[in-house]
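Taking it in order: structure first as structure tokens, then the write-up.
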Amino acid sequence: MHLFLALLTLLPIGILSSPIWGPQDQSQHYDVIIVGGGPSGLSALSGLARVRRKALLIDSGEYRNLLTRHVHDVIGSDGVTPAYFRWKARQQISEYPTVSMMNGTVTQITQLNSSAFSISDAAGNRYTSRKVVLGTGLRDLLPSTPGIAENWARGIYWCPWCDGYEHRDQPLGLLGRIESIFGLAHEVETLDTDIIAFTNGSLTSEGLQTLSKAQPDWQSIVKVYNIQVDNRTITEIERIQDGGVVNNVTTKTEYDKFLVHFDDGTAVERGAFFTGWPSVQASTLGTSMGIAPVGNKLTNNITTMATNIQGAYAVGDANMDGSTNVPHAMWSGKRAAVDIHLAIASEDLESAIAAAGLSKRNDNSLSDRDLLLQYIGEDFEKLWK
Ligand SMILES: Cc1cc2nc3c(=O)[nH]c(=O)nc-3n(C[C@H](O)[C@H](O)[C@H](O)COP(=O)(O)OP(=O)(O)OC[C@H]3O[C@@H](n4cnc5c(N)ncnc54)[C@H](O)[C@@H]3O)c2cc1C
Ligand SMILES: *[C@@H]1O[C@H](CO)[C@@H](O)[C@H](O)[C@H]1NC(C)=O
Ligand SMILES: *[C@@H]1O[C@H](CO)[C@@H](O)[C@H](O)[C@H]1NC(C)=O
Ligand SMILES: *[C@@H]1O[C@H](CO)[C@@H](O)[C@H](O)[C@H]1NC(C)=O
Ligand SMILES: *[C@@H]1O[C@H](CO)[C@@H](O)[C@H](O)[C@H]1NC(C)=O
Ligand SMILES: *[C@@H]1O[C@H](CO)[C@@H](O)[C@H](O)[C@H]1NC(C)=O
Ligand SMILES: *[C@@H]1O[C@H](CO)[C@@H](O)[C@H](O)[C@H]1NC(C)=O
């Protein structure tokens with residue numbers, strides 16, 4: 001570390017500040033290109049802006065929480081609209097001169113070599129960058145049953161932390177595949193006690209076999225949490241009251257009301273639903289460029305967010321560290337920004353040392369980059385393990 005600092009002071013400034021390489025048109029060349037302008041991409045951009053990296057964020061604007069009324073469980077921003085949250089972030093980041101943001105859809109990312117990517121967008125622009133960050137998110141696969149897509153994120157929810165509190169002590173419905181529906185009960189047991197699991201005809205002998213394997217204790221869950229199981233086939237979920245209109249801001253309560261219609265012509269009333277439906281990568285960019293998929297996620301190193309493709313990072317919902325929420329998106333974006341900044345710094349340092357004809361220290365201690373990683377808290381994960 002001391003040598004690292006000593007070198008920085010010894011080297012002529014020109015060596016470090018002039019570009020080591022780059023295409024003819026420097027304006028289209030970036031240190032980093034970030035795909036996706038949700039909280040993960042914006043957080044990565046913020047980190048890079050603070051240390052004056054030249055970075056471009058390209059965003060197609062199809063946010064996972066686009067339809068949700070308010071963002072929750074994000075300290076300092078609890079209860080703001082998702083649009084306000086992103087607007088505020090963009091406004092703050094736009095004050096930093098080395099970074100920029102644009103609307104667009106990235107159509108292809110090609111790795112040129114270990115330190116360069118070529119990026120194309122739908123408008124025909126081409127860029128190059130040394131690193132890429134994918135903050136491209138997940139897309140929820142909703143059943144086609146009438147009333148579900150129409151009311152998604154406004155009474156029909158995916159995450160109890162995000163929207164449960166507004167519907168506490170209300171009649172609740174659980175919707176989802178048979179293997180995921182009863183697990184949801186653990187997450188809502190502190191919020192609601194009147195719970196119906198709508199299995200939608202999936203409690204067949206085949207379905208029960210799958211369920212018993214996936215969740216051997218499902219019958220105990222049903223008993224302990226006093227869950228009613230309704231196996232009738234759902235034909236429609238009809239809204240009869242809008243919690244966006246009928247609500248109490250002071251108590252943070254939204255009074256949505258729905259009728260669940262069945263194929264036998266009857267219906268049951270519920271205030272809100274939590275669902276266990278599957279999701280997929282919102283973009284194929286990651287797998288197309290060779291990032292290994294794991295289930296519906298992109299494989300990444302949980303410390304650095306780096307993927308198996310050198311110089312490419314996966315952050316936010318799209319990555320594999322098992323967490324899909326705004327705080328995780330911001331944390332992982334920040335982590336990627338730190339690793340990228342340090343990676344570029346060590347690459348440039350090495351080139352500068354070579355260009356200056358200096359010899360590189362060669363002992364058994366940690367490399368400069370590993371040393372720097374310790375300062376960003378790598379030890380934290382080790383302790384945690
Ligand atoms: C109904 C609902 C409510 C939620 N409420 C909350 C909440 O209250 N609190 C909370 O913490 N979390 C909440 N979440 C989860 C939260 O929305 C996600 O965890 C978060 O949005 C993840 O951020 P991200 O940046 O990874 O992805 P996203 O926010 O989904 O952003 C991904 C971006 O990448 C862009 N993109 C994709 N492909 C391309 C491409 N090829 N070119 C350019 N751009 C591209 C998309 O257009 C999109 O803008 C909610 C989720 C849902 C579904
Ligand atoms: C990688 O490709 C870029 C862009 O074509 C080029 O400028 C650079 O010299 C290459 N770097 C290596 C290490 O090959
Ligand atoms: C970019 O998209 C956002 C919405 O996602 C919109 O508010 C903004 O006006 C767009 N900017 C431009 C320059 O089109
Ligand atoms: C209910 O089951 C039917 C038939 O399998 C299916 O088409 C529909 O999408 C399901 N609806 C819900 C809400 O799960
Ligand atoms: C659930 O509904 C399906 C489809 O109607 C039916 O085949 C199955 O027997 C029902 N399960 C139970 C436990 O009643
Ligand atoms: C909201 O709840 C508070 C506290 O119970 C109550 O005083 C207030 O009148 C309610 N507001 C509305 C609009 O119902
Ligand atoms: C993740 O990256 C760190 C830092 O480069 C490295 O020490 C660690 O071994 C990597 N983890 C895995 C699982 O590859």
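Since the structure is predicted, the reported quantities are computational estimates derived from the model, not experimental observations. Keep in mind that the numbers below use all heavy atoms, side chains included, and drop hydrogens, waters and symmetry copies. Start at 1 and go down the list; that is how both ligands and their atoms are numbered. Throughout, numbering of the chain's residues begins at 1 and tracks the sequence.
- Scanning the protein for heavy atoms near atom 37 (C) of ligand 1, the closest one is T136 O, 3.4 Å.
- Nearest heavy atoms, V71 versus P82: CG2-CA, 3.6 Å.
- Heavy-atom distances between C159 and ligand 1 stay at or above 4.0 Å for every pair.
- Among D339, V133, D321, the one residue that satisfies the side chain to side chain contact (heavy atoms under 4.5 Å, CB included) test with M305 is D321.
- Contacts between L285 and ligand 1, counted as non-hydrogen atom pairs separated by less than 4.0 Å, involve the side chain only.
- By the 30° and 60° cut-offs, the orientation of the rings of H167 relative to Y157 is tilted.
- When all heavy atoms are compared, the tightest approach of W331 to I302 is CH2-O, 3.8 Å.
- Protein heavy atoms all stay at least 4.0 Å away from atom 7 (O) of ligand 4.
- Ligand 1 is never approached by D73 to a heavy-atom distance shorter than 4.0 Å.
- The backbone and the side chain of V326 each have at least one atom closer than 4.0 Å to an atom of ligand 1 (non-hydrogen atoms only).
- For the ligand labelled ligand 1, residue Y63 lies inside the 4.0 Å heavy-atom shell.
- Atom 4 (C) of ligand 4 has its closest protein heavy atom at N200 ND2, 4.7 Å.
- Scanning the protein heavy atoms around atom 52 (C) of ligand 1, the nearest turns out to be W158 CE3, 4.0 Å.
- V224 and I195 fall within a single hydrophobic cluster, where Ile, Leu, Val, Met, Phe, Trp and Tyr are joined by side-chain heavy atoms under 4.5 Å apart, directly or via other members.
- Any N or O atom pair closer than 3.5 Å counts here, and T204 shares no such pair with ligand 5.
- Stacking of R130 on the aromatic ring of Y30 is not recorded, the 6.0 Å distance cut-off and the 45° axial limit not both being met.
- Close N/O approach between T145 and ligand 4 is found [any backbone or side-chain N/O within under 3.5 Å].
- The protein atom (non-hydrogen) at minimum distance from atom 3 (C) of ligand 1 is T68 OG1, 3.6 Å.
- Residue S60 holds the heavy atom nearest to atom 39 (C) of ligand 1 of all those in S60, S43, A318.
- Around CD of Q310, the count of heavy atoms belonging to other residues, nucleotides or ligands within 6.0 Å does not exceed 12.
- With respect to atom 19 (O) of ligand 1, the closest heavy atom belonging to the protein is D317 OD1, 2.7 Å.
- Distance check: C159 SG to D73 CG gives 7.5 Å after rounding to the nearest 0.5 Å.
- Separation of atoms OG1 (T107) and CD1 (I58) is listed at 9.5 Å; rounding is to 0.5 Å.
- In this comparison of D140, D163, N65, the heavy atom closest to atom 17 (O) of ligand 1 sits on N65.
- The closest side-chain heavy-atom distance from T307 to M289 is not below 4.5 Å.
- Counting heavy atoms under 4.0 Å from ligand 4, residue I148 touches it through the side chain alone.
- Heavy-atom separations between A282 and ligand 1 are all 4.0 Å or longer.
- The local environment of CD in E269 is crowded, with over 12 non-hydrogen atoms from other residues, nucleotides or ligands closer than 6.0 Å.
- When all heavy atoms are compared, the tightest approach of L45 to S100 is CD2-O, 4.2 Å.
- Relative to atom 21 (O) of ligand 1, the option among P39, G316, G38 with the closest non-hydrogen atom is P39.
- Taking only non-hydrogen atoms, the option from A153, G137, G37 nearest to atom 1 (C) of ligand 1 is A153.
- Closest to atom 8 (O) of ligand 1 among all protein heavy atoms lies H72 N, 2.8 Å.
- At a heavy-atom distance under 4.0 Å, no atom of T107 approaches ligand 1.
- Scanning I178, L208, D230, L203 for the heavy atom closest to atom 11 (N) of ligand 5 points to L203.
- The CG atom of L42 sits 8.0 Å away from the CD1 atom of I34 when rounded to the nearest 0.5 Å.
- Among all non-hydrogen protein atoms, the one lying nearest atom 34 (O) of ligand 1 is G36 CA, 3.2 Å.
- Heavy atoms of G104 come nearer than 4.0 angstrom to ligand 1 in at least one pair.
- The minimum heavy-atom distance between S332 and N319, with the atom names listed, is CB-ND2, 4.1 Å.
- For atom 12 (C) of ligand 5, the nearest non-hydrogen atom of the protein is N231 ND2, 3.4 Å.
- The protein atom (non-hydrogen) at minimum distance from atom 3 (C) of ligand 5 is G201 O, 3.3 Å.
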